[in-house]
2 protein chains.
Amino acid sequence: MHKEHTLTKNQQIIFDLIDKSPEPMKAYAILFSVQKKGIKAPLQVYRALDKLVEIGKIHKIESRNAFIACHNSSCQVSKATAFSICEICEKITEISSASLSKYLANFKDKDGMKYSKYNLEFFGLCKKCR
Amino acid sequence: MHKEHTLTKNQQIIFDLIDKSPEPMKAYAILFSVQKKGIKAPLQVYRALDKLVEIGKIHKIESRNAFIACHNSSCQVSKATAFSICEICEKITEISSASLSKYLANFKDKDGMKYSKYNLEFFGLCKKCR
DNA sequence: TTTAAATTGTTATAATATAACACCATGTAA
DNA sequence: TTACATGGTGTTATATTATAACAATTTAAA
Ligand SMILES: [Zn+2]
Ligand SMILES: [Zn+2]
Ligand SMILES: [Zn+2]
Ligand SMILES: [Zn+2]
């Protein structure tokens with residue numbers, strides 16, 4: 001299926017934190033939360049985040065500079081991501097729609113440029129906030 | 001059609017600069033370029049950028065923290081944006097595809113959340129870099 | 001004209017992210 | 001086994017991106 005990545009200590013600590021968090025976490029919020037576990041410097045956090053993004057365990061929400069664990073089993077690498085973002089409560093959900101991902105994976109622009117990756121962010125109001 | 005926004009002095013200076021630039025510009029690159037015109041502080045740049053984004057004259061490329069002038073006449077407000085980004089040369093182009101924008105504008109997720117805005121970034125290699 | 005809204009100028013600071021370097025762990029090839 | 005490559009770590013310092021707070025001014029309506 002896919003290569004299993006054994007996470008290193010720092011990567012595991014930071015992944016667990018993000019994975020348990022009900023909302024996306026920002027890098028310095030992560031840093032403050034893991035200081036008790038011995039991770040003291042921003043770089044230690046950013047390095048783990050970079051790796052976790054690379055292997056698809058987490059995704060970065062670009063418009064928010066925040067990180068969310070991937071709960072989409074078909075999404076082992078961060079190559080095709082879509083999120084819905086509530087502009088009031090900031091609830092963020094990863095969208096997994098087969099038709100959407102199929103449409104975007106096959107999309108070709110006028111220049112014939114072939115894409116290897118995309119990131120889509122939808123903004124609106126969630127049920128609660130409407 | 002749409003409300004014409006008369007740009008203020010700072011907004012006009014900064015818009016002209018971005019509009020003439022062959023590639024997206026970052027906020028501090030803009031700052032350095034306009035210092036000779038009397039714009040001395042980051043806030044003056046960010047305020048103009050915020051306004052220009054709001055009225056759709058420019059867009060922010062979220063994954064690059066850079067700003068690009070809108071050349072899509074049907075795009076008066078930054079509510080439905082799509083870009084192609086070459087990961088080698090960093091050439092960035094605004095995509096204007098009627099079918100894409102129609103598909104995304106009508107997209108509804110499982111939760112029935114209604115979206116008022118989206119931003120899509122495609123990554124790949126441009127013709128030159130392939 | 002009066003008033004409200006938007007814009008400006010300014011200083012300071014917050015938040016996000018990377019450079020550079022020394023060291024350590026692990027796997028692999030001679 | 002040794003040597004080497006790769007990737008991860010810890011650390012200090014610094015770069016980059018963005019906003020807070022406040023006073024003054026300009027603009028556009030009512
Ligand atoms: Zn995912
Ligand atoms: Zn909400
Ligand atoms: Zn546009
Ligand atoms: Zn290119």
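Small disclaimer: the values here were computed from a predicted structure and weren't measured. Just so we're on the same page: letters track the sequence lines, and every chain starts at 1.
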* **Gap between atoms CD and P, on B:Gln35 and C:dG9 respectively (whole Å)** => 13 Å
* Asked: Any chance the side chains of A:Glu121 and A:Asn119 put a donor and an acceptor closer than 3.5 Å?
  -> yes
* Structure fact -> The answer to which of A:Lys40 and B:Asp50 contacts DNA chain D further toward the 5' end, by nearest nucleotide, is A:Lys40
* Asked: Counting side-chain heavy atoms from C-beta on, which of C:dT7, D:dG10, D:dA18 comes nearest to B:Gln11?
  -> C:dT7
* State the NE2-CD1 distance between A:His59 and A:Ile68, to the nearest 0.5 angstrom. => 8.0 Å
* What is the distance from NZ of B:Lys37 to P of C:dT8, rounded to the nearest Å? -> 15 Å
* To do: State whether A:Lys60 places a side-chain N or O below 4.0 Å from either non-bridging phosphate oxygen (OP1 or OP2) of C:dA17.
  => yes
* To do: Write down the distance between CG (B:Asn10) and P (D:dT27), rounded to a whole number of angstrom.
  => 12 Å
* To do: Side chain of B:Pro42 only, please: which of D:dA18, C:dT18, C:dT10 is the nearest?
  => D:dA18
* Asked: Side chain of A:Arg47, base of D:dG7: donor and acceptor closer than 3.5 Å?
  -> no
* To do: For B:Leu7 and C:dA6, give me the distance from atom CG to atom P, rounded to whole Å.
  => 16 Å
* In whole Å, what is the span from the OH atom of B:Tyr46 to the P atom of C:dT10? -> 19 Å
* Distance check: side-chain N/O of B:Gln44 vs OP1/OP2 of C:dT8, anything under 4.0 Å? -> no
* To do: Please tell me which of the listed nucleotides, C:dT8, D:dT16, C:dT16, lies nearest to the side chain of A:Asn65?
  => C:dT16
* Expressed in angstrom and rounded to an integer, what is the separation of A:Lys26 atom NZ from D:dT17 atom P? -> 15 Å
* Can you check whether B:Phe122 and B:Phe83 have ring centres sitting under 6.0 Å from each other? -> no
* What pairs with A:Glu87 under salt bridge (Lys or Arg N to Asp or Glu O under 4.0 Å), at least two apart in sequence or on another chain? -> B:Lys117
* Report yes or no: is there a donor-acceptor pair, N or O only, under 3.5 Å between the side chain of A:Tyr28 and the base of C:dA14? => no
* For the hydrophobic clusters of this structure (ILVMFWY residues joined by side-chain heavy atoms under 4.5 Å, transitively), does one cluster hold both B:Ile95 and B:Phe123? -> no
* **Nucleotide D:dT9, atom C1' - distance to NZ of A:Lys9 in whole Å** => 9 Å
* Could you check how far CD of A:Glu62 sits from P of D:dT17, rounded to whole Å? => 13 Å
* **Short side-chain N/O contact from B:Thr8 to OP1 or OP2 of D:dT26, under 4.0 Å** => no
